[in-house]
S.K.: 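Quick one: the structure is below, questions incoming.
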Amino acid sequence: LALFPLLLGCSPMLGLDKDFYVADKEGAPDTLPDGLIAYHRYTTYGNGDSEAFLVDLPSGVVSPELGQLFQVCGPLSPSFSPDGKRLAVAARPWTSPCPTGDAHRNELEIYVLDIEDLANPTKVQVTANTVPDEDPSFAPSGDFLLVKHDNDVAKLVLDAGKMPYAGCDTISAPSYCFYRASEQLRPAMAADGRVFFQQGTEANADIFYFELAQAETTLTIAPLPAAARGGAYEARPSLFGPWLYFTQWRGKNDPADRVVRKMLSALEQTESHAAFEDGMLNDYTDPGAMIDDLVVFA
């Protein structure tokens, strides 16, 4: 899920058992703000059958399926550019029909879709290689992407003369690959230059951050904890205004997801829980803030 002009870079992975809801502290508002939601859906990640759509707000009109429209297979993890005119996705190159039954992760590339005129869809391919490129996220400046490239974070400048990027051995400044022994997921950049990401999965998942400028001098990540309880899941980070939103297990022995947030200026403080978790669903996940305290979630 991604929202424009209200949010950059939240993208839940919706299976068939999850749907979208909107809530604030007093419940859903009477009218939704103007903007767009981008989301993807699939049966399972491993099946490779993801589809992506745009939803106009407040009308709720849904676009044609973006994979078919832009001729990419299995689009995942949409992220809006700051001006709302482009959408970055991870997807496989087009074949007809698109294959399913296998995630084909090594075939995943990053594309930027021009969504300003859906009647004349155009795209730019950002990567072309034989390793997975996933989880694209536009920087606040709009001139580069942060992506998960072969399980590491990479900064890819949107320079037509250098795209598509083949791999880290050919990437040169001002694009960079940042190496770390473990897998990093869902990088997202704050306005102050910090990059937040998920490391690990299930009970080992935690959220860390690093300073982008510092990483560019060493090409390595020196992570600092943003949300890291031992033995409990903290994952799916997204940023909005002064807040870091994420999904968290309710407890080490209660692996049901809930939506929480922290102030970016006070990460050492305890997170606050969403007020709308009233037992309506077992899991509340993938928060995406819209305006103020208004949140879209799965």
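Note that the numbering runs from 1 along the sequence shown for the chain.
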S.K.: What distance separates Leu224 CG from Ile221 CD1, expressed to the nearest 0.5 Å?
M.R.: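 Answer rounded to 0.5 Å: 11.5 Å.
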
S.K.: Any side-chain heavy atom of Leu57 sitting closer than 4.5 Å to one from Leu36?
M.R.: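 Leu57 does not reach Leu36 side chain to side chain.
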
S.K.: With salt bridge (charged side-chain N to carboxylate O under 4.0 Å, His left out) as the criterion, how do Glu268 and Lys262 come out once you've worked through the C-alpha distance, each side chain's angles and the decisive distance to 0.1 Å?
M.R.: CA-CA 9 Å; Glu268 72 283 355; Lys262 283 186 176 186; over 6 Å; no

S.K.: Using the side-chain hydrogen bond (donor to acceptor under 3.5 Å, both in side chains) definition, which of the options Arg258, Arg261, Gln248 pairs with Glu271?
M.R.: Gln248

S.K.: Counting only N and O atoms by type, is there a donor-acceptor contact under 3.5 Å from the side chain of Ser238 to the main-chain atoms of Pro287?
M.R.: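 Yes, because the side chain of Ser238 sits within donor-acceptor range (under 3.5 Å) of the backbone of Pro287.
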
S.K.: Between Phe197 and Phe208, is any pair of side-chain heavy atoms under 4.5 Å apart?
M.R.: yes

S.K.: Salt-bridged, Glu183 to Lys148, with N to O below 4.0 Å?
M.R.: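 Yes.
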
S.K.: Go through the structure and list residues passing side-chain contact (heavy atoms from CB on, under 4.5 Å) with Ala235, not counting sequence neighbours.
M.R.: Gln198, Ala205, Tyr233

S.K.: Test Leu145 against Phe138 for side-chain contact (heavy atoms from CB on, under 4.5 Å), laying out the working first.
M.R.: CA-CA 5 Å; Leu145 296 173; Phe138 268 98; 3.7 Å; yes

S.K.: Tell me whether Gln214 at atom CD has more than 12 heavy atoms from other residues, nucleotides or ligands lying less than 6.0 Å away.
M.R.: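 Not buried by this count: 12 neighbours or fewer within 6.0 Å.
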
S.K.: Run the salt bridge (charged side-chain N to carboxylate O under 4.0 Å, His left out) check on Asp286 and Arg236 step by step: do they pass?
M.R.: CA-CA 6 Å; Asp286 297 292; Arg236 322 287 303 158; 2.6 Å; yes

S.K.: Quick check against the 3.5 Å criterion: does Asn47 have a side-chain atom that pairs as donor or acceptor with the backbone of Asp49?
M.R.: no

S.K.: Is it true that Leu118 and Phe80 fall in one hydrophobic cluster, defined by side-chain heavy atoms closer than 4.5 Å?
M.R.: yes

S.K.: Given Val259 and Thr285, is the side-chain contact (heavy atoms from CB on, under 4.5 Å) satisfied, shown in steps?
M.R.: CA-CA 6 Å; Val259 169; Thr285 188; 5.9 Å; no

S.K.: Write down the atom of Tyr176, the atom of Ala173, and the distance for their closest heavy-atom approach.
M.R.: OH-CB, 3.4 Å

S.K.: Checking side chain to side chain contact (heavy atoms under 4.5 Å, CB included) against Val147, which of Val126, Ile110, Asp152 comes through?
M.R.: Ile110

S.K.: On the 0 to 90° scale, with breaks at 30° and 60°, tag the Tyr45-Tyr42 ring pair as parallel, tilted or perpendicular.
M.R.: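 Perpendicular: the ring planes of Tyr45 and Tyr42 meet at over 60°.
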
S.K.: Counting only N and O atoms by type, is there a donor-acceptor contact under 3.5 Å from the side chain of Asp133 to the main-chain atoms of Glu109?
M.R.: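 Not at all, since once roles are kept as given, no pair shorter than 3.5 Å links the two residues.
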
S.K.: Counting only N and O atoms by type, is there a donor-acceptor contact under 3.5 Å from the side chain of Ser77 to the main-chain atoms of Val89?
M.R.: no

S.K.: With a 4.5 Å heavy-atom cut-off, do Leu156 and Ile171 have their side chains touching?
M.R.: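 Answer yes - side chains close enough.
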
S.K.: Enter the distance from Arg186:CZ to Ile207:CD1 here, rounded to the nearest 0.5 Å.
M.R.: 9.0 Å

S.K.: Grouping I, L, V, M, F, W and Y whenever their side-chain heavy atoms are under 4.5 Å apart, do Leu212 and Leu158 come out in a common cluster?
M.R.: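 Both belong to a single hydrophobic cluster.
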
S.K.: Measuring only between side-chain heavy atoms, which start at C-beta, is Glu51 closer than 4.5 Å to Gln68?
M.R.: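 Heavy-atom side-chain distance check fails, nothing below 4.5 Å.
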
S.K.: Any donor and acceptor pair, going by atom type alone, linking the side chain of Ser79 with main-chain N or O of Ala88 inside 3.5 Å?
M.R.: no

S.K.: Indicate yes or no for a side-chain donor-acceptor contact from Asp114 to the backbone of Glu116 under 3.5 Å, with no hydrogens or angles considered.
M.R.: yes

S.K.: Taking only residues two or more places apart in sequence or in another chain, which ones pass ring pair (Phe, Tyr, Trp, His ring centres under 6.0 Å) with Phe53?
M.R.: Tyr39

S.K.: Hey, what do you get for CG (Leu76) to CZ (Arg92), rounding to the nearest 0.5 Å?
M.R.: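 Separation between the atoms: 8.0 Å.
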
S.K.: Tell me if a side-chain donor or acceptor on Gln184 pairs with a main-chain N or O of Ser182 at a distance below 3.5 Å.
M.R.: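 Pair found, side chain donor or acceptor close to backbone of Ser182.
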
S.K.: Measure from the side-chain N and O atoms of Glu65 to the backbone N and O of Gly67, and report whether any donor-acceptor pair falls under 3.5 Å.
M.R.: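 Checked: pair present.
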
S.K.: Between the main-chain N or O of Gly142 and the side-chain N or O of Ser81, is there a donor-acceptor pair closer than 3.5 Å?
M.R.: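 No, Ser81 side chain to Gly142 backbone: no donor-acceptor pair under 3.5 Å.
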
S.K.: In the structure I gave you, are the side-chain heavy atoms of Tyr165 and Gln125 within less than 4.5 Å of one another anywhere?
M.R.: no

S.K.: Answer yes when Arg229 and Glu234 have at least one side-chain N-carboxylate O distance shorter than 4.0 Å, and no when they do not.
M.R.: yes

S.K.: Is a side-chain N or O of Ser63 found less than 3.5 angstrom from the main chain of Leu54, in a donor-acceptor match?
M.R.: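 Yes, the answer is positive, given that a donor and an acceptor are paired below the 3.5 Å cut-off.
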
S.K.: Output the distance between atom CZ (Arg194) and atom CG (Leu244), rounded to the nearest 0.5 Å.
M.R.: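 Reported to 0.5 Å precision, the distance equals 9.0 Å.
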
S.K.: In terms of hydrophobic clusters joined by side-chain contacts under 4.5 Å, are Met189 and Val112 together?
M.R.: yes

S.K.: So, taking the atom named CG in Leu219 and the one named OH in Tyr179, what distance separates them when rounded to the nearest 0.5 Å?
M.R.: 7.0 Å

S.K.: Examine Leu69 and Ile115 and state if one hydrophobic cluster contains both, with Ile, Leu, Val, Met, Phe, Trp and Tyr joined whenever side-chain heavy atoms are less than 4.5 Å apart.
M.R.: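 Yes, because Leu69 and Ile115 connect within a single hydrophobic cluster, where side-chain heavy atoms sit under 4.5 Å apart.
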
S.K.: What distance do Leu32 atom CG and Ile37 atom CD1 have between them, rounded to the nearest 0.5 Å?
M.R.: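 Here the interatomic distance stands at 7.5 Å.
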
S.K.: Hey, which of Trp243, Tyr209, Phe246, Tyr245 is the one that makes ring pair (Phe, Tyr, Trp, His ring centres under 6.0 Å) with Phe196?
M.R.: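 That would be Tyr209; it is the only one of Trp243, Tyr209, Phe246, Tyr245 passing the ring pair (Phe, Tyr, Trp, His ring centres under 6.0 Å) with Phe196.
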
S.K.: Are Val153 and Val131 connected, step by step, through hydrophobic side chains (Ile, Leu, Val, Met, Phe, Trp, Tyr) whose heavy atoms are closer than 4.5 Å?
M.R.: no

S.K.: Decide if atom CG of Asp192 counts as having more than 12 heavy atoms of other residues, nucleotides or ligands within a radius under 6.0 Å.
M.R.: yes

S.K.: Is any side-chain N of the basic residue among Lys155 and Glu216 closer than 4.0 Å to the acidic one's carboxylate O?
M.R.: yes

